[in-house]
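Here the structure is laid out as structure tokens; the discussion comes afterwards.
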Amino acid sequence: MAQHPEYSLETLAVRAGQERSQFNEHSEALYLTSSFVFRTAAQAAARFSGEEEGNVYSRFTNPTVACFQDRLAALEGAEACIATASGMSAILALVMALCSAGDHVVASTGLFGATQQLLGTIMPRFGIETTFVAQTDVSAWRAALRPQTRLFFLETPSNPLTEIADIAALVDVARSRGVLVAVDNCFCTPILQRPLDLGADLAVHSATKFLDGQGRVLGGAVAGPKRLTDEVFKFLRTAGPALSPFNAWILLKGLETLQIRLEAQSANALQLALWLEKHPKVKRVYYPGLPSHPQFELAGRQQKSGGAVVSFEICGSRAEAWKVVDSCRLLSITANLGDTKTTLTHPASTTHGRITPEQRAAAGITEGLLRIAVGLEAVVDLQNDLESGLSSI
Ligand SMILES: *Cc1c(COP(=O)(O)O)cnc(C)c1O
């Protein structure tokens, strides 16, 4: 199936990557095993040396993980995909595999908090420096280029302000200098946006979010051409953050409903964003599906819809924001997103609480900002829940 790009996304999401075992099971088999048995000593030697293809140990490969990798590769339109234990280990593996001491990275200021920490404070200890620039300012990316620049790393829409990077324009800048472009495609997933179609080299995922879709497991992935994912694999099999077969199996089941979930959750998000925009206690709404979004047109070109994450600034600061959060009875106070259950976060004190106030200010994360990752509940119930808090500030 992974070799059949003529199938549409809906079909690939349900079927790509599956190879049935001798039992001819209908649903994907879960191979919950840490190692694999060889027929002979000679076969063991051939498998270890790579002379013979096949499974050896689940830190390297596992059939359930392979099925997830092939299915996600098919959805991203990528030649190959490597799965990891979490989204952060996907980003770590990508940087460790493709960059060396002395290399330079350009990344957006609005990246996920842990990605900023990784690139901004951990990687410099190993000689890999990152310059952070505004997601939306293509000329700033060009100006940040150095002879040592190896990678552009972006995340679009950004979390939580939903800033849109012009992927094709940044690819143009990078191409002229032989720089790789990696896109964290967590918010859109390949259902709404395919970075490789726009020229990016790699799509990166926190599978923990929409790919799972029901808040059950951690996982991550890097999809792209085999020559690059092979490098990621080489790092991963040695360093160890492999995806568990059980999590891969959960994620496979998540992919099967990805399209209908994202369509329904995006429609709910748009409805909620329109309601918030008219609310007297709301100063500003950040949602790429609203005509008031500064990059509404670009988002319309690059994404199939605005996605399921809406952020908004209330009339007030931290105390008022926390009051809104604490008044909610239905929305879950949790940092996760991409769940069928709607979640509510105060980024300044949670997901972005560990970066410096200066980094927070540069990323536009104010004390009155709230982020909602919209799920599958009825929008009217979400509105009523938010209204109780908003009307009390
Ligand atoms: C959650 C998230 C990550 C990290 O993923 P984990 O699975 O939590 O390690 C990376 N990027 C974005 C955009 C995320 O939302």
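Position 1 is the first residue of the sequence, and the numbers go up from there. Counting convention: from 1, in listed order, for ligands and their atoms alike.
- The pair E53-R47 does not meet the salt-bridge criterion, since no charged nitrogen lies less than 4.0 angstrom from a carboxylate oxygen.
- Considering only residues two or more places apart in sequence or on other chains, R177 meets the salt bridge (charged side-chain N to carboxylate O under 4.0 Å, His left out) condition with none of them.
- Looking at D385, T340, L382 one by one, the single match for side chain to side chain contact (heavy atoms under 4.5 Å, CB included) with E377 turns out to be L382.
- Checked options L12, L211, T189; the residue passing with L75 is L12 (criterion: side chain to side chain contact (heavy atoms under 4.5 Å, CB included)).
- In this structure a side-chain-to-backbone donor-acceptor pair under 3.5 Å is missing from E129 to H104.
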Ligand-protein N/O pairs under 3.5 Å (ligand 1):
unit_1   : atom_1 : unit_2 : atom_2 : d
ligand 1 : 5 (O)  : S206   : OG     : 2.9
ligand 1 : 7 (O)  : G87    : N      : 2.8
ligand 1 : 7 (O)  : S206   : OG     : 2.8
ligand 1 : 7 (O)  : T208   : OG1    : 2.6
ligand 1 : 9 (O)  : G87    : N      : 3.1
ligand 1 : 9 (O)  : M88    : N      : 2.8
ligand 1 : 11 (N) : D184   : OD2    : 2.7
ligand 1 : 15 (O) : K209   : NZ     : 2.7

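- Counting only N and O atoms by type, the side chains of N336 and T343 include no donor and acceptor under 3.5 Å apart.
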